[in-house]
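Labels below follow one simple rule: chain letters A, B, ... track the order of the sequence lines, proteins then strands, and each chain is numbered from 1. What you see below is based on every heavy atom in this structure, not just the backbone, and it leaves out hydrogens, waters and symmetry mates.
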Number of protein chains: 2
Amino acid sequence: MSDLAEPAVKQASAPKGETGVERFERIHAELRDRICLLTYPPGTVLSEVALAKEFDVSRTPIRRVLHKLEFMGLVEIKNGVGTIVSDIDLMTFKETYSLRMRLAELIGELSPGRITVEHLEEIDRLVERTKSLPRENFRDYARIANDLQTLLSDLTGSAPLREVIELFYFRVARIWFTYLSQLDWEDTVASQLAELSELRAALECNDMRAVGQARSVHLHRILTRIGRFIVEP
Amino acid sequence: MSDLAEPAVKQASAPKGETGVERFERIHAELRDRICLLTYPPGTVLSEVALAKEFDVSRTPIRRVLHKLEFMGLVEIKNGVGTIVSDIDLMTFKETYSLRMRLAELIGELSPGRITVEHLEEIDRLVERTKSLPRENFRDYARIANDLQTLLSDLTGSAPLREVIELFYFRVARIWFTYLSQLDWEDTVASQLAELSELRAALECNDMRAVGQARSVHLHRILTRIGRFIVEP
DNA sequence: TTAGCACAACCTGTACACAGCATGTGTTCT
DNA sequence: AGAACACATGCTGTGTACAGGTTGTGCTAA
């Protein structure tokens, strides 16, 4: 019952006075993170009854969550088979990154958000976390990338833009994480620190356009680095 | 049982050998169109049991459809109240149009689709349909606008871009249709014909970049014309 | 041995009953 | 008269049983 006792295996401890919407959001975020952090790598078959048992609810709320994940493009529900974590073909992956680059540039153009000291402090925290990252700790690296994305979302004033940026981030993040282990760790960390440094400088100048540009350049860099390890069909 | 007997009121005649997915798509498209063509204007309360009765299914598939519509931002599901067709506040409306303009420009930049003679013929058909439109026939005008959007989707090679363009089109289309009756009919038709003419010229030149630009300019024109009739809070 | 087929085991899809929630309405008390 | 409250009524949320679909497996027969 208490949060002190950490279960041996994965287990969702439900808060006591939790409303229906909160429970839905909790399970959704949990499954989304498991997919994005590769706990469930692409191809994994999820069972509604198994998830229902784990989260101690019936299949009905689980189905709602899975259908939302399907809408987000993270899973594919097949009748009689199961819910399969989506993979992305190379073409769609590249197209998505190209689109994300353009969307990132728009952060500074379409009703940019307000920059506060909290944002700068968060950037500094991300830098520290990145620097103190043990070698080849891909999972924590992914978490930092997730938090950086959240920070940038917070800086995006246009609600529709923010929404679609997040949508495509979650859709391709796990694929990028998949390739992470094939890349040079030092380069990856250096690239991440460079982006954080550029973002911080842009934020200090209150230049949201520069923020969007820095993000766009970073995405381009990622795609280029991954491109080396992808063989064309 | 037979399709010959057309029911007096709206009724969905289910094809015989229809699979589950097809039925879902059919009901989804039907309700989406009813919302976008203002059969269900913003604020309308939809009842799951009523819809289930009309489409002759149980609440379960209807709920799936309504939740997908909620993901698309067309309805808002409130516990204990009902499913309410969404309205859009002015700020979000403008932000969405700004984003749509930028996305339209990307049609010609991110892996543009192939132009065929069918596209030109479809454009010509849309021109004829627009010209033969009776005055103040907003509903058929909306249908033409829908078909034009479908045509442009078909010309968008990048799957992610196409997806998000459609998403935001469906989200704001009905709001634009709402203001339609307040605008000058002749101007509206002229604007539509101008866009079709520009698109046709761009397609003949095989210039997808010009297609995107024409669409973007058209969206800007729409927003400007509507802006005159909107009072700032 | 191997190709073919029937079946069992698992999955999601559907229908329905019931619980929980929001809201309008009628009553009652001041 | 007016305000406050209890309740009836409608809605969506949830749980559960069953129907329909898919796939792997093992038996059977050539």
Participant: Could I get the full list of ring-ring contact (aromatic ring centres under 6.0 Å, His included) partners for B/Phe168, not counting sequence neighbours?
Facilitator: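 Partners of B/Phe168 under the ring-ring contact (aromatic ring centres under 6.0 Å, His included) test: none.
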
Participant: Listing request: all salt bridge (charged side-chain N to carboxylate O under 4.0 Å, His left out) pairs with a residue in residues 172-183 of chain B, at least two apart in sequence or in separate chains.
Facilitator: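 Those involving residues 172-183 of chain B do not exist here.
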
Participant: Please report the end-to-end axis angle for the helix from C/dT1-D/dA30 to C/dT30-D/dA1, five pairs per end, rounded to 10 degrees.
Facilitator: 10°

Participant: Using the side chain to side chain contact (heavy atoms under 4.5 Å, CB included) criterion, which residues pair with B/Thr116? Sequence neighbours excluded.
Facilitator: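 Side chain to side chain contact (heavy atoms under 4.5 Å, CB included) list for B/Thr116, sorted by chain: B/Glu118, B/His119.
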
Participant: Between the protein and nucleotides 5-11 of chain C, which nitrogen or oxygen pairs are less than 3.5 angstrom apart?
Facilitator:
residue: C/dC11; atom: OP1; partner: A/Ser47; partner atom: OG; Å: 3.3

Participant: Using the heavy-atom set of chain A and a strict 4.0 Å cut-off, write down the first and last nucleotide of DNA chain D that makes it in, 5' to 3'.
Facilitator: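 Range of nucleotides within reach of chain A: D/dG13 to D/dT22.
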
Participant: Identify, with sequence neighbours excluded, every residue that meets side chain to side chain contact (heavy atoms under 4.5 Å, CB included) alongside A/Pro61.
Facilitator: A/Arg23, A/Val57, A/Ser58

Participant: List, one per line, each side-chain donor-acceptor pair under 3.5 Å for residues 218-227 of chain A, sequence neighbours excluded.
Facilitator:
residue: A/His218; atom: ND1; partner: A/Glu195; partner atom: OE1; Å: 3.2
residue: A/His218; atom: NE2; partner: A/Glu195; partner atom: OE1; Å: 2.8
residue: A/Thr224; atom: OG1; partner: A/His220; partner atom: O; Å: 2.9
residue: A/Arg225; atom: NH2; partner: A/Thr188; partner atom: OG1; Å: 3.0

Participant: With sequence neighbours left out, which residue pairs that include part of residues 153-164 of chain B fulfil the salt bridge (charged side-chain N to carboxylate O under 4.0 Å, His left out) condition?
Facilitator: A/Arg171-B/Glu163

Participant: I'd like to check the side chain to side chain contact (heavy atoms under 4.5 Å, CB included) partners of A/Asp56; sequence neighbours left out, ordered by chain and number.
Facilitator: none

Participant: For A/Tyr179, enumerate each residue passing the ring-ring contact (aromatic ring centres under 6.0 Å, His included) test, keeping only those at least two apart in sequence or located in another chain.
Facilitator: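 Partners of A/Tyr179 by the ring-ring contact (aromatic ring centres under 6.0 Å, His included) criterion come out as none, since no residue qualifies.
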
Participant: Name all residues meeting the side chain to side chain contact (heavy atoms under 4.5 Å, CB included) criterion together with A/Glu76; count only those two or more places apart in sequence or in a different chain, and write none if there are none.
Facilitator: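 Only A/Lys78, A/Ser86 meet the side chain to side chain contact (heavy atoms under 4.5 Å, CB included) criterion with A/Glu76.
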
